[in-house]
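This report concerns only the one structure given below.
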Amino acid sequence: MSGNPASGDHVGTDRFAHDPAFAVHEGGKLSVSSTRSIASIADLALTYTPGVARVSSAIAAEPDLARRFTWAPRVVAVVSDGTAVLGLGDIGPTASLPVMEGKACLFSEFAGLSSVPIVLSTTDVDEIVETVAAIAPSFGGINLEDISAPRCFEIEARLRERLDIPVMHDDQHGTAIVVLAALRNAAAVVGGELGDLRVVVSGAGAAGVACTKILLEAGVGEIAVADSQGVLHAGREVTGTKQWLVENTNPTGFAGTMVSALEGADVYLGVSGGSVPEAAIASMAENCIVFSLANPTPEVDPEMAARYAAVVATGRSDLPNQINNVLAFPGVFRGAIDAGATRITEEMKLAAAAAIAGVVGDEVRADYIVPSPLDRRVATAVAEAVAACAREQGVTR
């Protein structure tokens, strides 16, 4: 994919001429370019008919040859239905397309992978699964993006079961990978271990569930998860993924509010929006850690949080310690595709988190627990770690 936009109708100049964001997006941000020139009849005959027939016939007889003789294995589909876009919510597929184009630009820039934005005019789980499964032969990986919970859980699970290429819902797992990397280094800053931490997660949606799962896998000591009704516990009547949270978190059975759960807690992880009062942060443990990731307005005011917390992270690019998915997904897909992985496993995600944390290394400090999103070392480190893990697990072709 190229970043050169195709020419097209100009956006209304009266409204948008002086906004640089519209200038960047005008005409779209992607184009398809050929890797072979056609300057002669011989070129034409080899690139298309009759030469292409020999290649297609060979692939028909031996399908694995497509990995060598087509672009599909090195192309990612960025798929959305536009129901949970950034901080905008359910804005629909057409309005989500600029975001998916941007995601494709990030794949190209940081992982050298081509990707195609695909927005779907349906929110039906069965239709989305069938559509993505039907187009899967054109791609080497499926990046699900900005699909609302709880549908996103079922869509990802069913596609992972049906397809033999990497499938990942980035809003879940990209966020979780970077959160784990950041928490590893934050724990080092305060002189603790993951197993010693008591974590309160605010938000039981896609990101909250995925973050909770990966933190448990990494050995975090105790986690309580709160939704809008309070902390999830065995006495709550819930279904679906919230039932999993009830069964696997909050071992003490705490049944109060998220604010009351913060008293004495070591970590606040906000992935839900809303706001947290100062008194709640003040009640946390000494040398606590605050990850307040809602965009554009964090749940906890960062300046206020810094008065009580040893480490503060947000989702904002204008503040230190930005928890940004671009640290994870380009390298995860690059590594999985390079290794010929048929899926992305929990171990591969853990390896990615360790690689991100490792880029910071001995330079870790309170205002530097994750690398910059523009640090070019990150995608390479993640790709190498993910590929090595995939090969070690034997989930490659």
Side-chain angles (χ1 to χ4, degrees), residues 1-9 24-80 97-120 131-145 163-168 170 326 329-342 344 376 379-380 382-384 386-387 390-391 396-397:
M1 286 292 180
S2 166
N4 297 323
S7 60
D9 294 336
V24 167
H25 292 261
E26 185 168 359
K29 301 181 293 296
L30 303 170
S31 67
V32 176
S33 60
S34 172
T35 62
R36 299 288 186 270
S37 63
I38 301 176
S40 68
I41 294 297
D43 293 336
L44 180 61
L46 291 172
T47 302
Y48 197 53
T49 186
V52 73
R54 299 200 297 276
V55 180
S56 291
S57 296
I59 293 172
E62 193 176 341
D64 281 350
L65 288 175
R67 295 191 56 79
R68 179 178 177 185
F69 294 111
T70 73
W71 81 331
R74 290 165 292 282
V75 182
V76 178
V78 181
V79 179
S80 181
L97 189 54
V99 180
M100 304 313 130
E101 288 184 9
K103 195 67 176 277
C105 291
L106 298 178
F107 269 114
S108 175
E109 184 70 24
F110 294 103
L113 290 172
S114 295
S115 57
V116 178
I118 297 173
V119 294
L120 304 175
T131 300
V132 175
I135 65 173
S138 295
F139 300 99
I142 306 293
N143 181 107
L144 300 172
E145 188 79 12
L163 302 180
D164 63 350
I165 57 176
V167 176
M168 188 174 85
D170 184 49
V326 77
F329 70 82
V332 169
F333 274 94
R334 175 88 255 182
I337 286 173
D338 284 352
T342 57
I344 295 171
R376 301 294 171 156
T380 300
V382 171
E384 291 175 351
V386 167
R391 295 185 183 106
T396 60
R397 297 179 189 279

Using side chain to side chain contact (heavy atoms under 4.5 Å, CB included), reason through Lys103 and Asp170 one step at a time and then give a plain yes or no. CA-CA 11 Å; Lys103 195 67 176 277; Asp170 184 49; 2.8 Å; yes

Working to the nearest 0.5 Å, report the span between OG1 of Thr131 and CG of Leu120. 6.0 Å

Closest contact, heavy atoms only, Ala136 versus Leu163: CB-CD2, 3.7 Å

Main-chain N/O of Val78 paired to Glu145 side chain as donor or acceptor, under 3.5 Å: no

At their closest point, which heavy atom of Phe333 faces which heavy atom of Ile142, and how far apart are they? CZ-O, 3.5 Å

Determine, stepwise, if the pair Phe110 / Phe329 fulfils ring-ring contact (aromatic ring centres under 6.0 Å, His included). CA-CA 9 Å; Phe110 294 103; Phe329 70 82; 8.3 Å; no

Mind checking whether Ser115 and Asn143 have side chains closer than 4.5 Å, heavy atoms only? no

Without swapping roles, check the side chain of Lys29 against the backbone of Pro98 for a donor-acceptor pair under 3.5 Å. yes

Closest contact, heavy atoms only, Pro166 versus Ala336: CG-CB, 3.8 Å

Please find the pair of heavy atoms, one from Glu101 and one from Gly28, that lie closest to each other, and give the distance. OE1-CA, 3.4 Å

For Ile118 and Ile135 the tightest heavy-atom approach is CD1-CD1, 3.4 Å

State, with a plain yes or no, whether a side-chain heavy atom of Arg334 is found less than 4.5 Å away from one of Glu384. no

Show me the donor-acceptor pairs, under 3.5 Å and distance only, between side chains in residues 49-66 and residues at least two apart or in other chains.
residue	atom	partner	partner atom	Å
Ser56	OG	Val52	O	3.4
Ser57	OG	Ala53	O	2.8

Can you name the nearest heavy-atom pair linking Gly331 to Val382, along with the distance? C-CG1, 3.5 Å

Do Val75 and Ser138 come within less than 4.5 Å of each other through their side chains, counting heavy atoms only? no

Pairwise side-chain contact, Arg36 with Leu46, heavy-atom cut-off 4.5 Å (strictly under): no

How far does CD1 of Ile344 sit from CD1 of Ile165, to the nearest 0.5 angstrom? 10.0 Å

